[in-house]
Amino acid sequence: MAFAHPPHDRLDRLLDPASIAIVGASDNPDKIGGRPIYYMRRHGYAGTLYPINPQRAEVQGERAWPSLDALPAAPDLAIVAVAGEQAVQAVDRCADLGVAAAIVISAGFSETGSAGRALQDAMTARARAAGMRIVGPNSQGLANFGNGAIASFSTMFLEIAPADGPVAVISQSGGMSAMVYGLLRQRGLGVRHVHATGNEADVTVAELACAVLRDPQVRIVLLYLESLQDAGALADAAALARARGVPLIAVKAGRSEAGARAAASHTGAMANEDRAVDAYFEHHAILRARDPQELVRFAELALRGPLPQGPRVVVVSNSGASCVLASDAAVERGLQIAPLAGSTQRQLASRLPGYATTVNPVDITAALLSNNGLFGQVLPVIAEDPAADMFLIDIPVAGRGYDVTTFAADTAGFAAAAAKPVAVVAWQENVAEVFRARGVAVYADEQQAADTMAGLYRLHRWRARQPAPWPTQGPLALPPSQAAFLSEAQSLDLLSRQGLSVAQHARCADADAAVAAWRAIGAPVALKACSARLPHKSEHGLVALRLNDEQALRAALAQQGQALAALGVDDAEWIVARMHAGLHECALGMRHDPVFGPIVMVGSGGKYVEAMQDIALLLPPFSAEDVIDKLQGLRIGKLLAGVRGDPPADVPALARQAVLLGRCALAAGGRLASIDINPVLVSARGQGAVAVDALVELAAPANA
């Protein structure tokens, strides 16, 4: 019989189920089918457990049931812990009975290849048709320590005791979810949610991120991703996190080609191009960590206080060498070591020995050994200094003779009063433990501390950025074409209609028309053969530059005509274009990513664009200020600002071109695969930026 179940549009029954069936339940708590029961009995799950085991009348003190059909009611959640075809049959039966959601722990699906994917897809389709959600397959499970619903078989909860807290961990990989949980608990941080999605046949990390963000006790969400196929849902989670003031921090594995291949084989999912992931994360204010260890370091500082509101760091240490190392680490990561105000320095001088340094970094010297109250005397003085957005307290050596307990108490009191980020560097674990016990974030070295501060400051900047006000526009009108590309003339005309500044040019059918165009435009000109069948012209000798007279123009056109005939191209025309000068060759581009949508590129241009790779990516909508900020971070940024007597380039004009290209890409609605504009000649400030060459690639038809 099928049990009626109320409709559900969220994942509440996954995270807070009133009843749970365990298919493949075991009396042995060390087996996959036994551990969730053991955890839930131990950690206070108040709902109803339905162990399914036809061989036993009782499992771990709970009444056992011979089958799902024997249950008195449909459970909210089913844990499927049987293998192979039995798992598929169990999911099918759960769907028939009206179970709200199932966690499929079993492996052997898309991660094994095409046959496994077909099996997974069929199973998921049957569940979806019945309105049932699936986590997995190949999932370690979900754990909510806020209510004891620990539908997971992770051993880490036995290795390191759980403690409820403000952190949610959501991962495609079960192993990584357990590792991040363990690292957090080692640092004394409580964890409420630990969820692993496995193959993501249905429920994704992004969906679960939205779900845990509805939990008011969650103050930070940490993600581990191996693929990103649900960009819309993750953007929703990022918006919800921003609205709540909750940092959203992620490790996205597969940065390298080898790593991307390994991720695909692990989860059976497609990998994402890494620079596009970075652009997507920045656009949605998701801080990216390099690895699980950095993820946890970010979390520790973010939980101990507000995000840094500015880039200025005040360093305090009892070692001059540590002052130098900490300052170097901060500056290398884009932070600032600003001098303290004169009034602050005078107050410090009255408290410190005469040989101490009071400017920033502040070296309180070895006097700390004889005066255990120095931290308490010094820190409040610098708390309100204009140079202080965050504080790095570096303790290279402490131990016998040092009153570490007082140091930690003074630092914790200062951090609470200052309401600014405070990080301590202490490589001695016994020293670190004392500070952590007082709720202070501690790092093993200056590089870790500076990385963490710089990362959280980036997150603050991204979250503080105002959305770009883009006007609504109608769909983009594209010329009819049977080819994969538009011709250069069509490409330039399309961009010109969207407001981009393009080189003055004329389309010509023959030599006489080309000469007339040359006379109208004025020498020198460029002559380029133009056909949608020839997206790349230079390699075929179909571009002639700096033509100054009629004879040279006619000769170039005749030569190109012969080259076209040899290529069998009979539909070409010519472009006669004005030769523009500029200070710098830049490039603009767009490609439509199947996951993220249109992505705009801006950066160095010219013939070495592929070799230099000095480019930045942005996701629409963005502002001209966003583009300028990106350009300043590139190698070409210093050249554009003007060096060795060169005037500053018209970067605002280039930025406006990038914004217009982004609007064009959005208006295309996925009908453009890519746009390549190279070079864009950027002149001196106030004199503009002109697109000289362009190539538009059309998206393949949906039924192709």
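Counting begins at 1 with the first residue of the sequence.
By the 4.5 Å heavy-atom criterion applied to side chains, Ile675 and Val696 are counted as neighbours. Counting only heavy atoms from C-beta outward, the side chains of Leu478 and Leu672 approach each other to under 4.5 Å. In this structure the side chain of Met601 never reaches within 4.5 angstrom of the side chain of Arg275, judged on heavy atoms. Inter-residue side-chain proximity for His505 and Asp493 is flagged as met; some heavy-atom pair is nearer than 4.5 Å. Between Val682 and Val651, the closest side-chain pair of non-hydrogen atoms is not below 4.5 Å. Side-chain contact between Asn138 and Phe109 is absent, with no heavy atoms from C-beta onward closer than 4.5 Å. A 4.5 Å side-chain heavy-atom check between Arg546 and Met579 finds at least one atom pair inside the cut-off. Residues Cys664 and Met590 fail the side-chain proximity criterion, which asks for heavy atoms closer than 4.5 Å.
Side chains of Asp626 and Ser623: a donor on one and an acceptor on the other come within 3.5 Å. Checking Gln172 against Ser227 by side-chain atom types alone, a donor-acceptor pair falls below 3.5 Å.
One finds a salt bridge joining Asp570 and Arg533 here, because a Lys/Arg side-chain nitrogen approaches an Asp/Glu carboxylate oxygen to under 4.0 Å. Ion pair Asp593/Arg591 flagged as a salt bridge, since at least one NZ, NE, NH1 or NH2 atom sits closer than 4.0 Å to an Asp/Glu carboxylate oxygen. Ion pairing of Arg465 with Asp629 is absent here, as no side-chain N (NZ or NE/NH1/NH2) approaches a carboxylate O to less than 4.0 Å.
Listed by first then second residue, pairs satisfying side-chain hydrogen bond (donor to acceptor under 3.5 Å, both in side chains) with a partner in residues 551-561 read Asp512-Arg554, Glu550-Arg554, Gln560-Trp574, not counting sequence neighbours. Applying the side-chain hydrogen bond (donor to acceptor under 3.5 Å, both in side chains) rule to pairs touching residues 664-683 yields Ser674-Glu697, sequence neighbours excluded. Listed by first and then second residue, the ring-ring contact (aromatic ring centres under 6.0 Å, His included) pairs involving residues 599-630 are Trp470-Phe622 (not counting sequence neighbours).
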Query - Steps toward side-chain contact (heavy atoms from CB on, under 4.5 Å) verdict (Val595, Tyr280) - result: CA-CA 10 Å; Val595 174; Tyr280 171 87; over 6 Å; no
Query - Trace of the side-chain contact (heavy atoms from CB on, under 4.5 Å) decision for Leu234 with Phe281 - result: CA-CA 10 Å; Leu234 188 54; Phe281 279 5; 4.2 Å; yes
**Report entry** Step-by-step side-chain contact (heavy atoms from CB on, under 4.5 Å) determination, Val205 to Tyr224
**Finding:** CA-CA 8 Å; Val205 163; Tyr224 175 84; over 6 Å; no
Query raised in the report: For Phe298 and Leu222, what are the C-alpha separation, side-chain angles and deciding distance, and is it a side-chain contact (heavy atoms from CB on, under 4.5 Å)?
Result: CA-CA 10 Å; Phe298 282 146; Leu222 308 180; over 6 Å; no
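With sequence neighbours left out, the side chain to side chain donor-acceptor pair (under 3.5 Å) criterion links Thr197 to Glu200. With sequence neighbours left out, the side chain to side chain donor-acceptor pair (under 3.5 Å) criterion links Asp451 to Arg290, Arg333. Qualifying side chain to side chain donor-acceptor pair (under 3.5 Å) partners for Glu488, counting only residues two or more places apart in sequence or in other chains: Lys528, Lys537.
Note that the CZ atom of Arg463 and the NE2 atom of His284 stand 14.0 Å from one another [nearest 0.5 Å]. With rounding to the nearest 0.5 Å, the separation of CD in Glu294 from CG in Leu287 is 7.5 Å. Note that CG of Leu494 is 5.0 Å distant from CG of Leu476, once rounded to the nearest 0.5 Å.
The only option from Asp278, Ile599, Val277 that meets the side chain to side chain contact (heavy atoms under 4.5 Å, CB included) definition with Leu617 turns out to be Ile599. With Leu654 as the partner, the side chain to side chain contact (heavy atoms under 4.5 Å, CB included) test is satisfied by one option alone out of Leu631, Val627, Leu681: Leu631.
When all heavy atoms are compared, the tightest approach of Ala196 to Ser139 is O-OG, 2.6 Å. The minimum heavy-atom distance linking Val690 with Val502 is given by the pair CG1-C, 3.5 Å.
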